[in-house]
Number of protein chains: 2
Amino acid sequence: MAVTILDIAKHLDLSVSTVSRALNGYGDVAKETRKRVEEAAKEFDYHPSDAARSLRQKRTNRVGLLIPSTIHYMGEFFSELIRGVTLALAESGSNLMLYTTTTDEVAQLTRICRAREVDGIILFSADKLDEAISFLKTESLPFVVLGHSINDPAVSFVASDNRGGMMAAMQHLLSSGHSRIAYLARYDQPRLHSQRLLSYQQALTEAGLEIDGDLVTSASIGTRTGYRAMNSLLDLPVLPTAVIAFNDQIAINALQAASERHVSVPDDLSIVGYNDIRSSLSTVPQLTTVRQPLSEMGKKAAEVLLSRVHDNDIPPIRTNLPAELIIRGSTSHV
Amino acid sequence: MAVTILDIAKHLDLSVSTVSRALNGYGDVAKETRKRVEEAAKEFDYHPSDAARSLRQKRTNRVGLLIPSTIHYMGEFFSELIRGVTLALAESGSNLMLYTTTTDEVAQLTRICRAREVDGIILFSADKLDEAISFLKTESLPFVVLGHSINDPAVSFVASDNRGGMMAAMQHLLSSGHSRIAYLARYDQPRLHSQRLLSYQQALTEAGLEIDGDLVTSASIGTRTGYRAMNSLLDLPVLPTAVIAFNDQIAINALQAASERHVSVPDDLSIVGYNDIRSSLSTVPQLTTVRQPLSEMGKKAAEVLLSRVHDNDIPPIRTNLPAELIIRGSTSHV
DNA sequence: AATAATTCCAAAAACGTTTTTGGAACTTAC
DNA sequence: GTAAGTTCCAAAAACGTTTTTGGAATTATT
């Protein structure tokens, strides 16, 4: 059996309560006694039972991160986020539980809340975000949404400035003389898509350009996402001179499609990605992209959550981190 | 406050023990009573407290996955593994705790074990694997190593056939007429590296070729890993005609370096990757690579661990899943 | 020198389950 | 018609902590 606090107490001829207070830094214990306890704890490699402590304290020192089950389609994106999350958690001594969404997201959240498996939840999953949010609002479990800016002023979120990011990309292309700019979207991400689309349309309108429905199309999720969609753009009677992709993966596959059809990037076609994942440095040419500070977003989300775990009555924290255009080789003057 | 088993018991005028037995499927409860209990539990959305249950049952229904803190450098690789892990865990009703390694791995493992935070651990971290293993062997916590084949016959692992995979790549190149074959390694992964190096050398020797030390070099971890190393290979007085990279990321960056120096792949240079991550389909040309069944490995590792959680006295399960050469456009006849 | 305050610690309660033990009520067996 | 099973359930113990309460011993205050 594992060593318990009782073993320590017996060994030192103290009561368990004193040992507990000594280890948790309470004041009601003599200096000398505390030292003895700490030494014994070290000697026996004593660590308090996680379950027992959680039960008594009503705190688990765990936070949950809910991610989509299609996580393997967004490996780089995700791992940057998670890095930030783990960084922030490590500082506070909390641990991370990873939940992948199931078919019934709300049932899953119900269990997590009612069984008190975690102290709080970072909602990254996007499947049925609205339902998930409205459920969590009825529970007392702190939560924060990661990656989406939420309209409801009562919910905390950490996202990046989508409108601004997309606008920066558009302005870069427009000022480079492009007028036929395609948007290679992801319709299955309606929340992000609609924001980006708005900026796309606004930029065109402000530039006095027509909005051509043919130039907005969607990549489908899967391996080589965006490959087929890019090809269909290249089948248009009048080709676009620039493409903004929903993310870097799509941009990379668009690059591949263009290359296969001997459309030269950036000479014949400019391509802009989104997110600035590491791979965007590895293409030929390197991707111009809108950088989202993914790691920082993860870190910030964890911090926001932890502050709510500490006190859930503080007003909601709603953060849009700035997006930044990174100009590399995949775009040029028309 | 959350609803407890006592609330259900009071509401139904039963004892807590009966409610517990009813919900957990024990025999000692009348059909009618069980039905009433189940209905009440559903009505109140009752879920037993995770902490209380863990404490009493000495089982947490959680397993840990230990990953390196440099996880963001291996996003795709990692997310495929994790997908398999979560798939297997979901089937068994277990949850996943994600631990990133800290400076003192053993101290971290000590805490995890002694605090009984999880039922078992999947060791994916490679930093000080030997120390970690020898520590875990002294504890009673079940564990399995993921991604490395371990010599010690007492430890369970799930890996893929490194020797075979590397050998397949070499044979492919040799039979295509290549004789100057470089190996773009990762010295900081000594375990995997040494196995691959052995196969590399063996294949050359069997083909009656000299082993040229200049042709074995190492990529360093970081963004664009392998870019600089590839460039130094291209600076050699006599160029290699083929390169086997330690992983696909390195291969992709090697591809980029070659392209920038107008070395045509595969005409002037063949490049082989390793792992078959999704991105290996997105390059121009697409990567020839050695496929490791990453998702299956993760799944298998979780299954092996769970079987040990169920009964830790079963003999070690040691699995090398087959690696498979996938021939695509980045390699050709010399 | 008596009282008040302080320091240190032990005892006990509490957290919410599961599991063990035991016993009442009802059936079956002879 | 008693003995022996069965069926169902309640009571209590146990899991390993933290926190509250209270009290003895020591020190400070008047």
Side-chain angles (χ1 to χ4, degrees), chain A residues 1-38 40-41 44-62 93 111-119 140, chain B residues 1-38 40-41 44-62 93 111-119 140:
Chain A
M1 268 316 305
V3 31
T4 77
I5 200 173
L6 185 61
D7 300 324
I8 307 284
K10 274 187 186 154
H11 179 252
L12 296 175
D13 206 27
L14 287 171
S15 72
V16 285
S17 56
T18 300
V19 176
S20 174
R21 274 174 294 121
L23 290 174
N24 293 311
Y26 271 68
D28 283 15
V29 47
K31 246 185 172 176
E32 168 67 14
T33 308
R34 164 161 299 145
K35 214 176 109 193
R36 287 203 306 144
V37 169
E38 280 168 350
F44 291 112
D45 252 335
Y46 166 73
H47 292 263
S49 151
D50 184 58
R53 163 176 279 198
S54 297
L55 178 59
R56 180 60 233 234
Q57 291 191 146
K58 296 171 175 304
R59 203 158 36 82
T60 62
N61 290 315
R62 287 187 291 267
R111 178 181 55 79
I112 295 172
C113 291
R114 305 305 258 257
R116 284 135 289 171
E117 294 180 8
V118 293
D119 296 331
S140 59
Chain B
M1 271 312 307
V3 31
T4 77
I5 201 172
L6 185 61
D7 300 325
I8 307 283
K10 273 187 186 150
H11 180 252
L12 296 175
D13 205 28
L14 287 171
S15 73
V16 284
S17 55
T18 300
V19 175
S20 174
R21 275 175 291 122
L23 290 175
N24 292 312
Y26 269 69
D28 282 18
V29 44
K31 248 185 170 169
E32 169 66 15
T33 307
R34 164 159 298 144
K35 213 175 109 194
R36 286 203 308 146
V37 169
E38 281 168 351
F44 292 113
D45 252 334
Y46 166 73
H47 291 263
S49 152
D50 186 55
R53 163 176 279 198
S54 295
L55 178 59
R56 179 61 234 233
Q57 289 191 143
K58 298 170 174 303
R59 203 158 36 82
T60 62
N61 290 316
R62 288 187 290 268
R111 178 181 54 79
I112 295 173
C113 290
R114 305 304 258 258
R116 284 135 288 170
E117 295 181 6
V118 293
D119 297 329
S140 59

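A, B, ... follow the sequence lines: proteins, then strands. Residue 1 opens every chain. Just so you know, these numbers use all the heavy atoms, side chains as well, and skip hydrogens, waters and symmetry mates.
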Original post:
Nearest to the side chain of B:Tyr46 - D:dC9, C:dT17, C:dT18?
Top reply: C:dT17

**OP:** Please figure out whether A:Asp28 or A:Val16 has its closest DNA chain C nucleotide nearer the 5' end.
**Re:** A:Asp28

**OP:** Whole angstrom is fine here: how far is it from CG in A:Asp50 over to C1' in D:dC15?
**Re:** 14 Å

Original post:
What integer distance in Å separates B:Leu55:CG from D:dA14:C1'?
Top reply: 9 Å

Subject >> N/O donor-acceptor pair, side chain A:Ser17 with base C:dA10, under 3.5 angstrom >> reply: yes

Original post:
Of the non-hydrogen atoms in A:Gly25 and A:Arg34, which two are nearest, and what is the gap between them?
Top reply: C-NH2, 3.7 Å

Original post:
Can you check whether A:Lys58 has a side-chain N or O nearer than 4.0 Å to OP1 or OP2 of C:dG16?
Top reply: yes

Subject >> Touch class at under 4.0 angstrom, heavy-atom based, for B:Ser54 against every strand present >> reply: nothing

**OP:** Check whether any side-chain N or O of B:Ser20 sits under 4.0 Å from OP1 or OP2 of C:dT17, and answer yes or no.
**Re:** no

Subject >> Upstream residue (5' side of DNA chain D) when B:Arg34 and A:Leu6 are each assigned their closest nucleotide >> reply: B:Arg34

Original post:
Is the backbone of A:Asp50 close enough, under 3.5 Å, to the side chain of A:Ser54 for a donor and an acceptor to pair up by distance?
Top reply: yes

Original post:
How long is the line joining CZ of B:Arg59 and P of C:dG16, in whole Å?
Top reply: 21 Å

**OP:** Check every strand shown and say whether A:Ser49 touches a base, only sugar-phosphate, or nothing at a heavy-atom separation below 4.0 Å.
**Re:** sugar-phosphate

Original post:
Would one find a side-chain N or O of A:Thr18 under 4.0 angstrom from OP1 or OP2 of C:dC9?
Top reply: no

Original post:
Does the D:dT17 base have a donor-acceptor partner in the side chain of A:Arg53 within less than 3.5 Å?
Top reply: no

Original post:
Between B:Tyr26 (OH) and C:dT17 (P), how many Å, whole number?
Top reply: 16 Å

Original post:
In whole angstrom, what separates A:Arg21's CZ from C:dC8's C1'?
Top reply: 8 Å

Original post:
Starting at NZ of A:Lys31 and ending at P of D:dT26, how long is that distance when rounded to a whole Å?
Top reply: 20 Å

Original post:
Which whole-number value in Å describes the distance from A:Leu14 CG to C:dA11 P?
Top reply: 11 Å

Original post:
Which is true for B:Asp7 with a 4.0 Å heavy-atom rule: it touches a base, it touches only sugar-phosphate, or it touches nothing?
Top reply: nothing

**OP:** Round to the nearest Å and state the distance from A:His47 atom NE2 to D:dG16 atom P.
**Re:** 16 Å

Subject >> Ion pair B:Arg111/B:Glu117, N-O distance below 4.0 Å >> reply: yes

Original post:
Quick one: CD on B:Glu38 to OG1 on B:Thr33, what's the gap to the nearest 0.5 Å?
Top reply: 11.0 Å

Original post:
Are the side chain of B:Arg21 and the backbone of B:Val29 linked by a donor-acceptor contact shorter than 3.5 Å?
Top reply: no

Original post:
Between D:dA14, D:dT18, D:dC9, which one does the side chain of B:Arg56 approach most closely?
Top reply: D:dA14

